[in-house]
Amino acid sequence: MIEDEDEFTLEGYNDLNSDTDKDGEDDPDFDDGHRQGPKRKRAQPAFYNRTVIAAERGALRTQVKESEILILDEGDEFTSRSTSRVPGTFGRRSHGKGDTLAAYHKKVSAELDSDDELMLNMREKGFSDRQIADKLARDGRVRYDPKSIATRIGRVRQAQAAHVDWQLQEGYKEWEYQEDLNLLQAYDLADIEVNYEIERIRAWRFRKVSEYMRRLNKDTIISAKACRERYQALLDGTATIPSEEADDPAQRRVEMEAYREERAAIRDAERLANEEREKHKRRIREEARERNAQKAEETAARRQRKMDQKAQRATQRAAQAMLKQQRATENHNSKREINARLKEEKAAQLAAELKKKKESNPHKKLTVSSLANCKNVTPDTTDPRSYLSFNDLVALCADRGLSKDGRSKEEFVQRLRDADDEFSLNDLKKMCRTKGLNITGTKIHMKYMLAHAAAKRCASFALGLAEANGVNEQDVDGAGGGDGDGGDGDDEGGEDPGEEMIL
């Protein structure tokens, strides 16, 4: 389909008298012999009358008088707005990047351009008209209507064939040997197809004969089969003579009556044979239906037995499972009772031993590893080893493989604390677990508990702690029983004031 972008519009009464655009004129520069569709629009010269009139009318519209000028200061949006027309294109709109051009009439020639070559290649590959048109539009080529694709391809092929005919006629091309062989083969194939079409049309011949028989005599209703048989009998000379045209019409009628009776007897025999055949088929179907019904009943009974057996086994399994569940419940209850009894006996035994131990030790036991006592420990808390004597600090450093050189207690304490900082959290937990200390605290808590436990093993710890708290030596000797683990509880709060300060 050809679409013209520059449509004609009336600008005034003078446009009605324009005789330069005549539809009946032909373009002398274009004649391909296959003109189809509406005539293409021809380009007009620069001095075209309609263009001149439009320009004059536009100039008249732009003439204004200074006294009639009205200026609005509200905004210059209207005066500064750019036009959508492209200068120098006679009013055509601007096309953006990627837009396709409208379809226009292109000369059909044997020399293919890129658009025609693309259309032919896609048609040879089996693409539809819609797909070809969409491909041209996506590539930014000429925009064709899908209905015009097939027409364009046909015209191009006709132009190519006409060009080849001209080349053969003028001697620019000659037949090749392979083309001659292909010609003979193509002729045979075309002859086969033509003969097939001829036979197919001949099969319709006696339908037309029956139709024309009805047209010749409206009371004649004879089928195509009867017409074909009668026509063939007339050609073979075996057709029967009509009774009115026979030499003895009466005898002819008698023969026809006998023929009718013979045909009636034959039809009766055929009817009886058909009835017997249908009865036999019906009996066979009934027997097959009975066999199928019996087989279906046996199959259903067999399935029912299997389902009954399956349900019985499922019931037995359910009963066994219920019995096993009861036994498991009884076993669990008995084991739970035994375990509870053993726990009670063990708890009673532990309570008795603890009571006996408490009764045998008159001193009050100090809890040094309690997490509640260590919550107040911070990095600034006094190290328990600072209460030890100089000799005990040297002994602790020697036990841990540290240097024994030093002049002050603070130097040895700092050396021990630096060595403690090298232990990881897991190492501290292992050491606390070995000594029976709490392992739920932080590294600071565990290092403090380990330092406190190491300081308590030294003899100078109790004396140094007492001196730090201002307690006299006699009180220290009285509270130092049990290797520093217990006291008489005479101080306020029921605990050793030194222990309370440390923990």
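Shown here are the side chain to side chain donor-acceptor pair (under 3.5 Å) partners of His332, two or more places apart in sequence or in another chain: there are none. Scored by the salt bridge (Lys or Arg N to Asp or Glu O under 4.0 Å) test, Lys447 finds Asp421 as partners (sequence neighbours excluded). With sequence neighbours left out, Ile221 forms a side chain to side chain contact (heavy atoms under 4.5 Å, CB included) with Arg214. Scored by the salt bridge (Lys or Arg N to Asp or Glu O under 4.0 Å) test, Asp236 finds no partners at all (sequence neighbours excluded). Every ring-ring contact (aromatic ring centres under 6.0 Å, His included) that Tyr172 has, sequence neighbours left out, goes to Trp166. Checked against side chain to side chain contact (heavy atoms under 4.5 Å, CB included), Leu184 has no partners two or more places apart in sequence or in another chain. Partners of Glu257 by side chain to side chain contact (heavy atoms under 4.5 Å, CB included), not counting sequence neighbours, listed by chain and number: Arg260, Glu261. In terms of the side chain to side chain contact (heavy atoms under 4.5 Å, CB included) criterion, residue partners of Arg130 (sequence neighbours excluded) are, by chain and number, Ser128, Asp134, Pro146. Remark: Asp420 pairs with Arg385, Arg400 by the side chain to side chain donor-acceptor pair (under 3.5 Å) rule, at least two apart or across chains. Applying the salt bridge (Lys or Arg N to Asp or Glu O under 4.0 Å) criterion to Glu275, with sequence neighbours excluded, gives Arg271. Remark: Asp427 pairs with no residue by the salt bridge (Lys or Arg N to Asp or Glu O under 4.0 Å) rule, at least two apart or across chains.
Each of Arg157, Arg155, Gln160 was scored for a side-chain contact (heavy atoms from CB on, under 4.5 Å) with Val108, with one residue passing: Arg155. Of the listed residues (Lys335, Arg336, Lys343, Glu337), just one forms a side-chain contact (heavy atoms from CB on, under 4.5 Å) with Asn339, and that residue is Lys343.
Residues Arg228 and Ser223 have side chains that never bring a donor and an acceptor to within less than 3.5 angstrom of each other. A donor-acceptor contact closer than 3.5 angstrom links the side chains of Gln167 and His163. Side chain to side chain, His280 and Arg283 meet the donor-acceptor criterion of an N or O pair below 3.5 Å.
For CZ of Arg433, the number of neighbouring non-hydrogen atoms (other residues, nucleotides, ligands) closer than 6.0 Å is greater than 12. In this structure, Ile241 places its CD1 atom where only 12 or fewer heavy-atom neighbours from other residues, nucleotides or ligands lie under 6.0 Å away. Sparse packing is recorded around CD of Glu174, with 12 or fewer heavy atoms of other residues, nucleotides or ligands lying under 6.0 Å away. Taking a 6.0 Å sphere around CD of Glu179, one finds it holds more than 12 heavy atoms contributed by other residues, nucleotides or ligands. Gln316 CD: more than 12 foreign heavy atoms inside a 6.0 Å radius. The 12-atom threshold is exceeded at CG of Asp191, counting heavy atoms of other residues, nucleotides or ligands nearer than 6.0 Å.
The shortest distance between side-chain heavy atoms of Glu199 and Tyr196 does not fall below 4.5 Å. Considering only heavy atoms from C-beta on, Trp204 stays 4.5 Å or farther from Ile201 through its side chain.
Using a cut-off of 4.0 Å between Lys/Arg side-chain N and Asp/Glu carboxylate O, Glu197 and Arg200 are scored as salt-bridged. Using a cut-off of 4.0 Å between Lys/Arg side-chain N and Asp/Glu carboxylate O, Lys295 and Glu298 are scored as not salt-bridged.
Screening residues 304-330 for salt bridge (Lys or Arg N to Asp or Glu O under 4.0 Å), with sequence neighbours left out, gives no hits.
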